[in-house]
S.K.: 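Before we start, here is the structure in question, set down as structure tokens.
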Amino acid sequence: MDTPLTTIAVVGLGTMGTGIAEVLTRAGREVIGIDISEAAARQAVASLEASTARAVSRERITEQERRDILARFRTFSDLQAAADAELVIEVVPETYEIKQQVFRELDAVVSPTTILATGTNALSVTRLAAESQRPERVLGLHFFNPAPAMKLVEVVSSVLTAPPAVESVTRLARELGKEPVAVGDRPGFVADGLLFGYLNQAAAMYEANYASREDIDAAMKLGCGLPMGPLALLDLIGIDTARTVLEAMYTESHDRLHAPAPVLGQLSAAGLTGRKAGRGFYTYAAPGSQDVVPDALTPSKSAGAVAGREVSSVGVAGSGTMASGIAEVFAKAGYSVVLAARSQEKADTAKGRIAKSLERSVAKGRLTEEARDETLARITAAGSLDSFADVDLAVEAVAEDLEIKRQLFQTLDKVCKPGAVLATTTSSLPVVAVARVTSRPQDVIGMHFFNPAPAMKLVEVVRTVLTADDVHATVREVCVKVRKHPVDCGDRAGFIVNALLFPYLNNAIKMVEEHYATLDDIDAAMKLGGGYPMGPFELLDVVGLDVSLAIEKVLHSEFRDPGLAPAPLLEHLVAAGCLGRKTGRGFREYARR
């Protein structure tokens, strides 16, 4: 079975099949493209002609190389054409019936040594292999879209797959310039297994009218550095495809987080399957277009506009990294800032941290020395909250402890002038719980910055049922003035980002607990296959495992969903004092500084 895999058949010439064919022909393989639709075959050839023409114009390949690539791609309408292939990759529609029929017909056509690969990301490779006369040569070969650009390939073994077959396609993947990750047979495998649960929760969040589609997508792009928001990504993948994957995942896991959100079924039934249909969560200029056009759900910039309160001075309570970063943000934007801590010494230290941050910006050419000096001059360090008497906006950034925040807000209520807006930067506690300890809960709002505050563009604006409209308007206006992107969300655990991010991280930990995949493979899969800037275990160690566990517990307590219960492995690591980079050990070990 250790064959060179020089002649490869691709069955199904849709977007994915065409992309895989391009990757193979560019790598010097003879490719037999097979599709029952002559139109699909013509489109595949045209697509390869267009992509190689672009490559010539950009001087990435020569005209002779282009002609050689095109000559290596032949198309047919009958599976008999696969007779001489050493590897067949099927990427036909995601149904057992169609795929099993393809495998049965291939059994009668190909050599006994030919490897049969399914491109499924939702169906059981084992079940498909069991239908073959030679199940030991059947495996999964899951490319990611667009195949020419995406580096990840998941190589999926069933309990029936022979190791030499796995070795052959793994070697092929590397020769194609891809990063192969070995995984077992379960719906979604690694990347989609984590990705689709997250996408499903985003759809459910939208369906519950918790946040707008625009705010959900902006929050995950700006708060997590993702290339696309979840709802836009569902439109790209195809809402019907996503629902199929989730159904398969739920059938196996019975985890409510995988039960497809009803809105996915409703959109699919209506034919609103995303970009390919011209409409899904968003509306597009035409079927297949990536250009979003305004529709009835597009927010109006003028509708229901309420004037905000005047803000010229800001108080920031706290002495940690977040408080310093927020004070720097406001001072850079021209606001007069009072940075108050529990002592003058702590306040001076916090201001010193800002001075160092500004100095780094000067050294990198991002800030002039004059701007640095002007920014520092706007910041007054104070050892008491009494200094907040005249501020228009007070922002607390103290420890994430409800009792500490309540005590602070009781003090702000006494110190701050009437009409001042009081904001909490909590990431997981109920905003209304701190609002209720004041005599003016209508003036209290959540203003969740992300760390590091000077660099991160997102602010989650969290209004309670008691927050006044003009207070909400004030904070949104201030966010724009300090060059942040505000997103609106209600007062519930996790808001947008943490409510979608931490269940995904928790599910990654569960994969390791179940010995399904390694830390390195999972991190690689999410970076290469999902476009994540960091893998889940890299991120957990940066955030801190104790912080992550605390957020997981809050989410589980609020939503009471068994699937949100913190993974035992996370609890064990925290109990052992392995908290991530800050302690030198978390999921990985780090060099002590």
Side-chain angles (χ1 to χ4, degrees), residues 1-11 16-17 19-32 72 82-91 99 102-103 106-107 109-121 123-144 147-148 150-186 188-193 511-512 514-525 527-529:
M1 202 176 284
D2 186 14
T3 53
L5 306 183
T6 55
T7 301
I8 300 170
V10 178
V11 182
M16 182 59 78
I20 293 171
E22 179 177 339
V23 171
L24 293 167
T25 53
R26 281 174 176 258
R29 268 54 180 189
E30 295 290 330
V31 179
I32 300 163
R72 287 194 289 270
D84 296 328
E86 294 128 357
L87 167 66
V88 180
I89 305 171
E90 71 77 14
V91 275
K99 290 182 184 292
V102 168
F103 274 76
L106 285 171
D107 273 336
V109 170
V110 300
S111 161
T113 60
T114 298
I115 299 170
L116 302 180
T118 172
T120 184
N121 67 338
L123 306 181
S124 168
V125 176
T126 306
R127 183 171 164 184
L128 292 172
E131 290 290 317
S132 171
Q133 293 177 8
R134 299 181 186 86
E136 72 280 359
R137 64 182 178 172
V138 178
L139 47 71
L141 197 55
H142 181 213
F143 288 80
F144 286 74
M150 300 298 280
K151 291 293 186 183
L152 180 68
V153 174
E154 290 177 317
V155 180
V156 189
S157 301
S158 78
V159 293
L160 305 170
T161 309
V166 176
E167 292 164 9
S168 292
V169 297
T170 300
R171 185 167 54 251
L172 171 67
R174 292 197 179 101
E175 291 170 358
L176 297 177
K178 303 299 183 183
E179 295 284 345
V181 170
V183 297
D185 182 23
R186 73 186 219 181
F189 313 130
V190 172
D192 285 352
M511 277 190 176
V512 170
E514 296 163 3
H515 304 288
Y516 177 65
T518 66
L519 302 177
D520 291 341
D521 280 350
I522 293 172
D523 276 354
K527 288 192 290 185
L528 298 172

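All values below were derived from every heavy atom in this structure, side-chain atoms included, with hydrogens, water molecules and symmetry-related copies excluded.
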S.K.: For the atom pair CZ (R137) and OG (S168), what is the distance rounded to the nearest 0.5 Å?
M.R.: 13.5 Å
S.K.: With F143 as reference, evaluate N121, L152, V153 under the side-chain contact (heavy atoms from CB on, under 4.5 Å) test and give the passing residue.
M.R.: V153
S.K.: Looking at CE of M511 and CG of L519, how far apart are the two atoms once the value is rounded to the nearest 0.5 Å?
M.R.: 12.5 Å
S.K.: As a quick check of understanding, evaluate side chain to side chain contact (heavy atoms under 4.5 Å, CB included) for K178 and L172, giving each step before the final call.
M.R.: CA-CA 9 Å; K178 303 299 183 183; L172 171 67; over 6 Å; no
S.K.: So which of V169, T170, D185, V156 actually passes side-chain contact (heavy atoms from CB on, under 4.5 Å) with L139?
M.R.: V169
S.K.: Apply side chain to side chain contact (heavy atoms under 4.5 Å, CB included) to residues V10 and I32 and explain how you reach the verdict.
M.R.: CA-CA 6 Å; V10 178; I32 300 163; over 6 Å; no
S.K.: So does E514 pair up with R186, basic N to acidic O under 4.0 Å?
M.R.: yes
S.K.: Nearest 0.5 Å please: distance from the CD1 atom of I20 over to the OG1 atom of T25.
M.R.: 12.0 Å
S.K.: Measure the CD-CD1 distance between E167 and I115 for me, rounded to the nearest 0.5 Å.
M.R.: 10.0 Å
S.K.: Taking the side chain as every heavy atom from C-beta outward, state whether V11 and I89 have any atom pair closer than 4.5 Å.
M.R.: no
S.K.: Is E175 salt-bridged to R29, going by a charged N under 4.0 Å from an acidic O?
M.R.: yes
S.K.: What's the shortest heavy-atom distance between G119 and H142, and which atoms?
M.R.: O-CD2, 3.9 Å
S.K.: Compare every heavy atom of A129 with every heavy atom of P135, then report the nearest pair and how far apart it is.
M.R.: CB-O, 3.3 Å
S.K.: Considering only heavy atoms from C-beta outward, does the side chain of F189 approach that of V125 to under 4.5 Å?
M.R.: yes
S.K.: Measuring only between side-chain heavy atoms, which start at C-beta, is I522 closer than 4.5 Å to V512?
M.R.: yes
S.K.: Where do E86 and T113 land on the side chain to side chain contact (heavy atoms under 4.5 Å, CB included) test, with the steps shown first?
M.R.: CA-CA 7 Å; E86 294 128 357; T113 60; over 6 Å; no
S.K.: Using a strict threshold of under 4.0 Å (side-chain N to carboxylate O), is an ion pair present between R26 and E22?
M.R.: yes
S.K.: Please tell me whether T118 and T120 have a donor and an acceptor in their side chains that are separated by less than 3.5 angstrom.
M.R.: no
S.K.: Judged by atom type as modelled, is there a donor-acceptor pair below 3.5 Å linking the side chain of T161 to the main-chain atoms of V138?
M.R.: yes
S.K.: For the residue pair E30 / T6, report whether a side-chain donor-acceptor contact shorter than 3.5 Å exists.
M.R.: no
S.K.: If we only count heavy atoms from C-beta on, is the V166 to V155 side-chain gap below 4.5 Å?
M.R.: yes
S.K.: With side chain to side chain contact (heavy atoms under 4.5 Å, CB included) as the test, would you mind laying out the steps for V110 and L116 before giving the verdict?
M.R.: CA-CA 9 Å; V110 300; L116 302 180; 4.3 Å; yes
S.K.: Do L528 and M150 make a side-chain contact, defined as non-hydrogen atoms from C-beta onward lying under 4.5 Å apart?
M.R.: no
S.K.: Once rounded to the nearest 0.5 Å, what's the spacing between atom CD of E154 and atom CG of D521?
M.R.: 9.5 Å
S.K.: Enter the distance from I8:CD1 to D84:CG here, rounded to the nearest 0.5 Å.
M.R.: 13.5 Å
S.K.: Taking G184's backbone N and O only, do any of them form a donor-acceptor pair with Y516's side chain (distance below 3.5 Å, no angle check)?
M.R.: yes
S.K.: Is there a side-chain contact between T114 and L87, using heavy atoms and a 4.5 Å cut-off?
M.R.: no
